[in-house]
Enquirer: 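I am attaching a structure below and will ask some questions about it afterwards.
Keep in mind it's a predicted model, so treat the numbers as computed, not measured. Computed from heavy atoms alone, side chains included, the values below leave out hydrogens, waters and symmetry copies.
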Amino acid sequence: MSLIDEVLRGDYKQQHLTEPDVTSTCDWIAKEAVLGVRGEGEFYSEWQNAKKAASNGFYLSLVYYCCCTLLDFYDFDSASIEEKESVLKFCSDLLNFIKRNDSDSPLRGGVKTWARQGDVHRKMGDNETARKIYSEGISTLTRLSSWESGQLIGREQDFGKQYSSIEILYAKKGRTELEMDQYSTAVESLQTALRSLKKRGLQDMENDSFPNGIRQLHERAKSMPSNVGEDNNQSQNAGSGISTVDAKSFIQELSEFGGHSAEVEVNLSSQGGASDVRTHSTLGYLMFRTPESHGHWGVVVKGSRDKVAVLLKAEDQFQCLLYDQERGENIAQGEVSGLKIEFTTADESFSIDSSGYK
């Protein structure tokens with residue numbers, strides 16, 4: 001029995017695929033699925049003429065296309081549990097073969113396997129591994145491309161891509177976290193994707209993976225009760241109505257206005273309650289912190305009027321720190337119990353508080 005027969009009969013056992021294993025199964029996929037189902041004669045010709053070697057980046061890209069075709073066209077709905085698991089395990093090993101052998105940068109022709117690898121594990125019911133794979137892809141591509149929110153990476157713009165690979169990974173990570181009931185991280189992941197899209201004038205992400213978009217997923221994650229008070233990581237700030245999750249989303253929304261001068265008024269409770277609240281107002285430029293740069297979402301306002309800097313950061317709690325720039329010391333610290341920011345862009349003036357734009 002050939003390897004592809006084992007896969008389709010539901011008898012495949014996960015293994016370290018060899019180059020001959022990969023070539024023989026992709027021969028079948030290229031003929032039966034790519035040519036027979038998709039009718040892509042040009043691809044089939046390229047596959048037949050390609051140098052079949054794991055060291056050949058073009059060969060690996062063709063293998064990837066064969067794997068994607070099998071995943072897209074296999075009838076999972078009518079397959080038995082054993083057959084379904086067999087195909088998914090084989091595709092997982094096929095993607096690992098590509099990842100193991102591809103020496104090209106994913107920004108310069110190398111295969112980006114993370115989205116498909118995560119999807120395979122999600123279909124197998126292993127959401128934790130899927131989430132880790134999506135996160136690995138985000139970290140790797142962000143580091144290699146020095147990605148900033150709103151950007152396409154590598155040659156995505158040249159190829160007319162609408163969505164960045166990093167945005168897609170954030171969206172898939174957020175959906176998986178929502179399915180895992182990890183609502184706070186789902187909000188952050190989906191918000192990161194939406195904020196990046198917005199900077200290119202896009203309001204949502206709609207594709208085969210998200211036919212209904214991701215905005216509705218983001219709204220569902222935000223609406224879950226645990227976002228109002230889940231353990232210490234999502235605790236309500238006393239008397240404020242500003243949860244840590246809301247604070248992170250609020251800061252992410254604001255981050256597109258980095259560099260603008262703003263009037264900031266913050267109420268902070270040094271005792272963690274409403275009985276000891278201090279109000280501080282300042283004027284200065286907004287500078288933002290991200291999980292990639294500082295390990296948390298935050299905003300810094302360096303006071304130009306009173307030389308007092310304000311640091312707002314969303315970690316286990318939504319905290320505020322006041323720092324005397326001239327004396328070089330902290331003068332107050334506490335939980336945020338109220339926040340208002342006013343500033344003017346080239347287009348219009350805004351007044352923003354924790355409930356949104358005014």
Enquirer: Is there a continuous path of hydrophobic side-chain contacts, each under 4.5 Å between heavy atoms, that joins Ile133 to Ile138?
Expert: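 Cluster IDs for Ile133 and Ile138 match.
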Enquirer: Can we say Arg38 and Asp72 salt-bridge, meaning some charged N sits less than 4.0 Å from an Asp/Glu carboxylate O?
Expert: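 Salt bridge between Arg38 and Asp72, a charged N being under 4.0 Å from a carboxylate O: yes.
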Enquirer: Any chance you could measure Lys302, atom NZ, to Leu283, atom CG, to the nearest 0.5 Å?
Expert: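 Result: 15.0 Å between the selected atoms.
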Enquirer: Quick check on Lys99: does its NZ atom have over 12 non-hydrogen neighbours (other residues, nucleotides or ligands) under 6.0 Å away?
Expert: yes
Enquirer: For Gln162, enumerate each residue passing the side-chain contact (heavy atoms from CB on, under 4.5 Å) test, keeping only those at least two apart in sequence or located in another chain.
Expert: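 Here the qualifying residues are Leu202.
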Enquirer: Which heavy atom of Ile166 sits nearest to which heavy atom of Ser145, and what is that distance?
Expert: CD1-OG, 4.0 Å
Enquirer: Please evaluate residues Glu206 and Asn212 with respect to the criterion side-chain contact (heavy atoms from CB on, under 4.5 Å), reporting the C-alpha separation (whole Å), side-chain torsions for both, the decisive distance (0.1 Å), and the verdict.
Expert: CA-CA 6 Å; Glu206 296 182 6; Asn212 298 316; over 6 Å; no
Enquirer: Does the Gln319 side chain pair with the main chain of Gln333, one donor and one acceptor, at a distance under 3.5 Å?
Expert: no
Enquirer: Taking all non-hydrogen atoms of both residues into account, name the closest pair between Val120 and Leu95 and its distance.
Expert: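 That would be CG2-CD1, 4.2 Å.
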Enquirer: Are Leu286 and Val299 side-chain neighbours, meaning at least one heavy-atom pair lies under 4.5 Å?
Expert: yes
Enquirer: Any chance NZ of Lys199 has more than 12 other-residue heavy atoms, nucleotides or ligands included, within less than 6.0 Å?
Expert: yes
Enquirer: Going from CE on Met224 to CG on Asp181, what distance comes out if it is rounded to the nearest 0.5 angstrom?
Expert: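 Here the interatomic distance stands at 6.5 Å.
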Enquirer: Locate the shortest heavy-atom distance separating Cys320 from Val336; write the atom from each residue and the value.
Expert: CB-CG2, 3.7 Å
Enquirer: Would you confirm whether Ser139, through its side chain, and Ser135, through its main-chain N or O, come within 3.5 Å as a donor-acceptor pair?
Expert: no
Enquirer: Within this structure, what is the CG-CZ distance for the pair Leu217 and Arg215, rounded to the nearest 0.5 Å?
Expert: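 Those atoms lie 11.5 Å apart.
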Enquirer: Rounded to the nearest 0.5 Å, how far does CG of Asp119 lie from OG of Ser209?
Expert: 5.5 Å
Enquirer: Do you know the tightest heavy-atom contact between Lys123 and Leu88?
Expert: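 Here Lys123 and Leu88 meet closest at CB-CD1, 3.8 Å.
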Enquirer: May I ask you to decide if Ala50's main-chain N or O and Lys52's side chain share a donor-acceptor pair within less than 3.5 Å?
Expert: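 Checked: pair present.
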Enquirer: Indicate yes or no: at least one non-hydrogen side-chain atom of Val310 is less than 4.5 angstrom from one of Val300.
Expert: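 Side chain of Val310 against side chain of Val300, heavy atoms only: no contact under 4.5 Å found.
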Enquirer: What verdict does the side-chain contact (heavy atoms from CB on, under 4.5 Å) test give for Val264 and Lys340, after you've listed the backbone C-alpha separation in whole Å, the side-chain angles of each residue and the deciding distance to 0.1 Å?
Expert: CA-CA 6 Å; Val264 177; Lys340 183 177 181 181; over 6 Å; no
Enquirer: Are Ile168 and Leu71 connected in a single hydrophobic cluster, I mean Ile/Leu/Val/Met/Phe/Trp/Tyr linked by side-chain heavy atoms less than 4.5 Å apart?
Expert: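 Different clusters: Leu71 never reaches Ile168 through Ile, Leu, Val, Met, Phe, Trp or Tyr contacts under 4.5 Å.
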Enquirer: Quick check: does any side chain N or O of Ser196 sit under 3.5 Å from a backbone N or O of Gly150, one acting as donor and the other as acceptor?
Expert: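 Answer holds: yes.
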Enquirer: Are a donor atom and an acceptor atom from the side chains of Ser86 and Glu6 found within less than 3.5 Å of each other?
Expert: no
Enquirer: Can you label the angle between the Tyr74 ring and the Phe76 ring as parallel, tilted or perpendicular, going by 30° and 60°?
Expert: perpendicular
Enquirer: Given side chains that start at C-beta, do those of Phe318 and Glu335 come closer than 4.5 Å, heavy atoms only?
Expert: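 When only atoms from C-beta onward are counted, Glu335 and Phe318 do not touch, as no gap falls below 4.5 Å.
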Enquirer: Does any non-hydrogen side-chain atom of Ser92 lie less than 4.5 Å from one of Gln14?
Expert: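 They are in side-chain contact.
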Enquirer: Are the charged groups of Lys173 and Glu177 less than 4.0 angstrom apart, N to O?
Expert: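 Here Lys173 pairs with Glu177 in a salt bridge, since their nearest N and O are under 4.0 Å apart.
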Enquirer: Any sub-3.5 Å donor-acceptor pair from Lys84's side-chain atoms to Ala79's backbone N or O?
Expert: no
Enquirer: Are more than 12 heavy atoms, taken from residues, nucleotides or ligands other than Glu329, located less than 6.0 Å from that residue's CD atom?
Expert: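 More than 12 heavy atoms, drawn from other residues, nucleotides or ligands, come within 6.0 Å of this atom.
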Enquirer: Could you go step by step and tell me if Arg195 and Glu167 meet the salt bridge (Lys or Arg N to Asp or Glu O under 4.0 Å) rule?
Expert: CA-CA 10 Å; Arg195 187 179 69 256; Glu167 292 165 348; over 6 Å; no
Enquirer: With side-chain contact (heavy atoms from CB on, under 4.5 Å) as the test, would you mind laying out the steps for Met124 and Lys89 before giving the verdict?
Expert: CA-CA 8 Å; Met124 289 194 291; Lys89 288 176 180 178; 4.0 Å; yes
Enquirer: Does the Tyr134 side chain pair with the main chain of Gly174, one donor and one acceptor, at a distance under 3.5 Å?
Expert: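 A pair under 3.5 Å: no.
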Enquirer: Are any of the side-chain heavy atoms of Pro106 and Leu141 separated by less than 4.5 Å?
Expert: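 A side-chain contact exists here, since the closest heavy-atom pair is under 4.5 Å.
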Enquirer: Would you indicate whether the side-chain heavy atoms of Gln15 and Asp93 approach each other to under 4.5 Å?
Expert: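 The answer is yes; the side chains approach within 4.5 Å.
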Enquirer: Do you know which of Val22, Thr25, Leu8 makes side-chain contact (heavy atoms from CB on, under 4.5 Å) with Leu3?
Expert: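 So the option named by the test is Thr25.
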Enquirer: Can you measure from CZ (Arg175) to CG (Leu190) and round to the nearest 0.5 angstrom?
Expert: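 It comes to 9.5 Å.
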Enquirer: For residues Tyr285 and Tyr323: do they belong to one hydrophobic cluster (side chain heavy atoms under 4.5 Å, members Ile, Leu, Val, Met, Phe, Trp, Tyr)?
Expert: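 Not linked; separate clusters.
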Enquirer: Report whether Leu144 and Tyr170 are members of the same hydrophobic cluster (ILVMFWY, side-chain heavy atoms less than 4.5 Å apart, transitive linking).
Expert: yes
Enquirer: Minimum heavy-atom separation for Ile341 and Ala262, please, with both atom names.
Expert: CG2-CB, 3.8 Å
Enquirer: Without hydrogens or angle criteria, can the side chains of Ser24 and Asp27 be said to hold a donor-acceptor pair below 3.5 Å?
Expert: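 No.
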Enquirer: For a quick check under 3.5 Å, do Thr176 and Asn127 share a side-chain donor-acceptor pair by atom type?
Expert: no
Enquirer: Mind checking the NZ-OG spacing from Lys112 to Ser105? Nearest 0.5 Å is all I need.
Expert: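 That separation rounds to 8.5 Å.
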Enquirer: For Gln157, is the CD atom crowded, meaning more than 12 foreign heavy atoms sit under 6.0 Å from it?
Expert: no
Enquirer: Evaluate the side-chain proximity of Arg155 to Lys161: yes if any heavy-atom separation is below 4.5 Å, no if none is.
Expert: no
Enquirer: Can you find a heavy atom in the side chain of Arg200 that is under 4.5 Å from one in the side chain of Leu152?
Expert: yes
Enquirer: Under 4.0 Å between a side-chain nitrogen and a carboxylate oxygen: does that hold for Lys307 and Asp324?
Expert: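 Not counted as a salt bridge, because no side-chain N and carboxylate O are separated by less than 4.0 Å.
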Enquirer: Taking ring-ring contact (aromatic ring centres under 6.0 Å, His included) as the cut-off, I'd like each qualifying pair that reaches into residues 32-65, sequence neighbours left out, listed once.
Expert: Phe43-Tyr65, Trp47-Tyr59
Enquirer: With distance as the sole test, does Gln151 use its side chain to make a donor-acceptor pair with the main-chain N or O of Glu148 at under 3.5 Å?
Expert: yes
Enquirer: Ignoring hydrogens and geometry beyond distance, is a side-chain donor-acceptor pair present between His218 and Gln191 at under 3.5 Å?
Expert: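 Per modelled atom types, His218 and Gln191 side chains form a pair under 3.5 Å.
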Enquirer: Against the six-membered ring of Tyr183, is Lys222 placed for a cation-pi contact (under 6.0 Å from the centre, within 45° of the normal)?
Expert: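 No, a cation-pi geometry is absent between Lys222 and Tyr183.
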Enquirer: Sub-3.5 Å donor-acceptor pair from the side chain of Ser337 to the main-chain atoms of Asn267, do we have one?
Expert: yes
Enquirer: Same cluster or not: are Leu194 and Phe210 linked, directly or through other Ile, Leu, Val, Met, Phe, Trp or Tyr residues, by side-chain heavy atoms under 4.5 angstrom apart?
Expert: yes
Enquirer: How close do Ala221 and Ala186 get, counting heavy atoms only, and between which atoms?
Expert: CB-CB, 4.1 Å
Enquirer: Would you say Arg9 has more than 12 foreign heavy atoms packed within less than 6.0 Å of its CZ?
Expert: no
Enquirer: Taking Asp102 for its side chain and Asp104 for its backbone only, find out whether a donor-acceptor pair lies under 3.5 Å.
Expert: yes
Enquirer: Does the side chain of Gln117 pick up a donor-acceptor pair with the side chain of Asn96 at under 3.5 Å?
Expert: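 There is such a pair between these side chains.
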Enquirer: Is there a donor-acceptor contact under 3.5 Å from the side chain of Glu156 to the main chain of Ile153?
Expert: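 Such a contact is found between Glu156 side chain and Ile153 backbone.
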